[in-house]
Number of protein chains: 2
Amino acid sequence: MRQHEIANDTIDLETRLTQDHHQSLKLWLRMLSTTVMIENEIRNRLRAEFDITLPRFDLMAQLERHPEGLRMGELSKRMMVTGGNITGITDQLEQEGLVMRVTDKQDRRAYSVKLTPAGRKAFKTMASVHESWVAELFSGLDAEQKSQMIGLLSSVKSDLSANFSASKHNEHE
Amino acid sequence: MRQHEIANDTIDLETRLTQDHHQSLKLWLRMLSTTVMIENEIRNRLRAEFDITLPRFDLMAQLERHPEGLRMGELSKRMMVTGGNITGITDQLEQEGLVMRVTDKQDRRAYSVKLTPAGRKAFKTMASVHESWVAELFSGLDAEQKSQMIGLLSSVKSDLSANFSASKHNEHE
DNA sequence: TATTGTTATACTCTATAACTATA
DNA sequence: TATAGTTATAGAGTATAACAATA
């Protein structure tokens with residue numbers, strides 16, 4: 001132990017940099033594979049139980065949080081996806097009667113997308129089941145560990161938003 | 001503080017369950033959006049700098065770790081993707097001269113996929129730059145926080161592998 | 001002119017299932 | 001029969017760019 005600390009004090013900067021790089025990479029690979037596993041599990045369950053895809057579910061989740069409705073451009077930013085895709089997903093959901101486009105009185109180029117009553121009802125059911133799945137998938141952590149992780153992720157994310165917002169459509173949450 | 005603890009002791013089980021659900025959901029949403037942001041950033045940089053996609057890069061990364069070569073089925077498991085896709089990605093990389101299929105002497109149905117010398121060289125360059133990007137993107141955490149997070153993710157992941165390996169092609173790492 | 005949203009297109013990744021050739 | 005890998009197909013999601021309507 002002490003040996004290690006002493007070594008740590010005397011190694012040169014380049015070595016420490018390499019170690020940091022390796023640690024970051026390890027963290028990233030673990031984070032990525034864990035996320036993919038959970039995402040796949042949830043995606044499969046959503047399809048099997050509710051015949052819905054993840055982006056469609058996400059769009060509805062955004063609308064649930066904004067009962068006043070969101071414009072297409074808002075949805076695009078929040079879902080980190082370009083505009084054309086939002087049109088497509090919204091089209092599908094509208095066909096199924098789950099969301100509706102409400103024309104904006106002030107700006108006739110724009111729409112507000114809202115959940116229909118049927119959409120709100122359907123989403124409530126799905127969201128509740130979805131939430132219990134997530135709880136199940138994270139049952140490997142206790143409450144303390146979860147809040148720790150939430151804090152760590154927030155640090156990463158705020159650092160990202162501050163420095164790399166240019167890359168795509170961020171401004172998330 | 002004390003008030004909070006007392007309250008925590010006396011609230012009923014259902015309430016605590018709901019709180020846990022919300023916390024898990026919050027954790028998952030934060031983890032997902034953070035991962036997506038980093039993934040997008042890396043994907044864009046890989047395309048811009050090296051004209052390579054993430055799956056192609058990942059396949060090469062797998063081979064780099066296994067100089068003796070990997071069979072198509074192995075790659076399929078490790079990349080959490082079905083077999084047909086591995087054929088496609090391998091075809092592309094083979095065309096570009098980055099990997100090669102080596103027929104197995106013992107089992108003439110099977111191949112070992114390996115990096116070519118050119119592939120190994122190209123990957124070394126990319127991997128080193130990639131690693132520094134990752135370090136940059138995680139610079140919001142210090143070494144201590146990173147190792148904390150690695151530990152937390154390991155708990156989640158091992159719990160997942162133990163309970164949900166059926167969902168797709170896991171057995172990762 | 002700039003902005004909101006749509007359309008058209010093309011590309012990548014993905015899963016499924018039928019297929020071939022070995023084992 | 002079972003297994004390793006391929007092929008064919010279809011579907012989802014994505015970005016880009018040209019476009020229409022409105023501001």
Side-chain angles (χ1 to χ4, degrees), chain A residues 32 36-37 39-48 51-59 69-96 99-113 166-170, chain B residues 32 36-37 39-48 50-59 69-96 99-113 167-170:
Chain A
L32 182 58
V36 168
M37 282 174 74
E39 211 180 344
N40 282 342
E41 184 69 29
I42 291 179
R43 194 198 313 278
N44 291 338
R45 292 190 189 187
L46 280 175
R47 170 153 353 202
D51 195 32
I52 196 171
T53 63
L54 210 40
R56 261 179 280 211
F57 181 80
D58 283 346
L59 194 148
L70 286 171
R71 308 233 299 220
M72 303 300 275
E74 288 280 344
L75 285 167
S76 169
K77 277 188 222 157
R78 287 173 197 280
M79 297 184 61
M80 301 194 253
V81 150
T82 50
N85 306 302
I86 298 296
T87 299
I89 298 173
T90 303
D91 285 349
Q92 297 175 315
L93 288 171
E94 197 175 26
Q95 262 194 330
E96 295 173 44
V99 309
M100 54 186 178
R101 285 173 166 93
V102 182
T103 53
D104 190 318
K105 294 292 179 194
Q106 333 245 294
D107 184 342
R108 279 182 306 176
R109 293 170 304 178
Y111 298 105
S112 265
V113 186
S167 81
K168 191 139 330 160
H169 305 272
N170 298 2
Chain B
L32 182 58
V36 168
M37 281 174 74
E39 210 179 344
N40 281 342
E41 184 70 28
I42 290 179
R43 195 198 313 278
N44 289 338
R45 291 190 189 186
L46 279 176
R47 170 153 355 205
F50 301 115
D51 194 34
I52 195 169
T53 64
L54 211 40
R56 261 178 281 209
F57 181 80
D58 284 346
L59 194 148
L70 285 171
R71 307 235 298 220
M72 303 300 276
E74 288 280 342
L75 284 167
S76 169
K77 276 189 222 156
R78 286 173 197 279
M79 295 184 63
M80 300 194 253
V81 149
T82 50
N85 306 303
I86 299 295
T87 299
I89 299 173
T90 303
D91 284 349
Q92 296 173 316
L93 288 172
E94 197 176 25
Q95 262 195 329
E96 296 175 44
V99 310
M100 53 187 181
R101 286 174 165 94
V102 181
T103 53
D104 190 318
K105 294 294 180 190
Q106 332 247 296
D107 184 342
R108 277 183 308 175
R109 293 171 306 179
Y111 299 105
S112 265
V113 186
S167 81
K168 191 137 332 157
H169 305 272
N170 299 4

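Just the heavy atoms: all of them, side chains too, but no hydrogens, waters or symmetry mates, feed the values below. Note on naming: letters A, B, ... go to the chains in the order of the sequence lines (proteins, then strands), and numbering restarts at 1 for each one. None of the values given here were measured: they were computed from a predicted structure.
Here the P atom of nucleotide D:dA12 and the CG atom of A:Leu54 are 14 Å apart, to the nearest Å. In this structure, the CG atom of A:Leu59 is 14 Å from the C1' atom of D:dG13, given to the nearest Å. Rounded to whole angstrom, the span from the CE atom of A:Met79 across to the P atom of D:dG13 amounts to 9 Å. Atom CG in B:Asn40 sits about 10 Å away from atom C1' in D:dT14, given to the nearest Å. Look at CG on B:Asp104: it is 17 Å from P on D:dT3, rounded to the nearest Å. Between A:Glu39 atom CD and C:dT14 atom C1' there is a gap of 13 Å when expressed in whole angstrom units. Here the P atom of nucleotide D:dA15 and the CG atom of B:Asp51 are 17 Å apart, to the nearest Å. Straight-line distance from the CE atom of B:Met72 to the P atom of D:dT3: 19 Å, rounded to whole Å.
Of the possible polar contacts, none joining the B:Ser76 side chain to the B:Met72 backbone as a donor-acceptor pair under 3.5 Å is found.
Distance from the side chain of B:Ala110 is smallest to D:dA4 among C:dC13, D:dA4, C:dG5. In the set C:dT16, C:dT4, C:dT6, C:dT6 carries the atom at the smallest distance from any side-chain atom of A:Tyr111.
Applying the salt bridge (Lys or Arg N to Asp or Glu O under 4.0 Å) rule to pairs touching residues 82-93 of chain B yields B:Asp91-B:Arg101, sequence neighbours excluded.
For A:Thr53, the side-chain hydrogen bond (donor to acceptor under 3.5 Å, both in side chains) partners at least two apart in sequence or on another chain are A:Arg56. Every residue two or more places apart in sequence or in another chain that forms a salt bridge (Lys or Arg N to Asp or Glu O under 4.0 Å) with A:Arg45 is listed here: A:Glu41, A:Glu136. In this structure A:Arg109 satisfies the salt bridge (Lys or Arg N to Asp or Glu O under 4.0 Å) test together with A:Asp107, sequence neighbours excluded.
A sub-4.0 Å separation between OP1 or OP2 of D:dT6 and a side-chain N or O of B:Arg101 is present. The side chain of A:Thr53 contributes an N or O atom lying less than 4.0 Å from OP1 or OP2 of D:dG13.
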- Message: Working note: B:Val102 + B:Tyr111, criterion side chain to side chain contact (heavy atoms under 4.5 Å, CB included); need CA distance, chi angles, decisive distance, verdict.
- Response: CA-CA 5 Å; B:Val102 181; B:Tyr111 299 105; over 6 Å; no
- Query: A:Val113 and A:Glu94: side chain to side chain contact (heavy atoms under 4.5 Å, CB included), yes or no, with the steps?
  - Reply: CA-CA 9 Å; A:Val113 186; A:Glu94 197 175 26; over 6 Å; no
- Query: side chain to side chain contact (heavy atoms under 4.5 Å, CB included) between B:Arg47 and B:Ile52: does it pass, once the steps are laid out?
  - Reply: CA-CA 5 Å; B:Arg47 170 153 355 205; B:Ile52 195 169; over 6 Å; no
- Task: Would you mind building the protein contact string for nucleotides 17-23 of chain D? One character per nucleotide, 5' to 3', B for base within reach (heavy atoms under 4.0 Å), S for sugar-phosphate only, - for untouched.
- Result: ----BBS
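Each of A:Arg71 and B:Arg47 has a nearest nucleotide on DNA chain C; the 5'-most of these lies closest to A:Arg71.
In the region residues 85-94 of chain A, proximity to DNA chain C at under 4.0 angstrom, judged on heavy atoms, holds for A:Thr87.
For the atom pair CG (A:Leu75) and CG (A:Leu59), the distance works out to 5.0 Å, reported to the nearest 0.5 Å.
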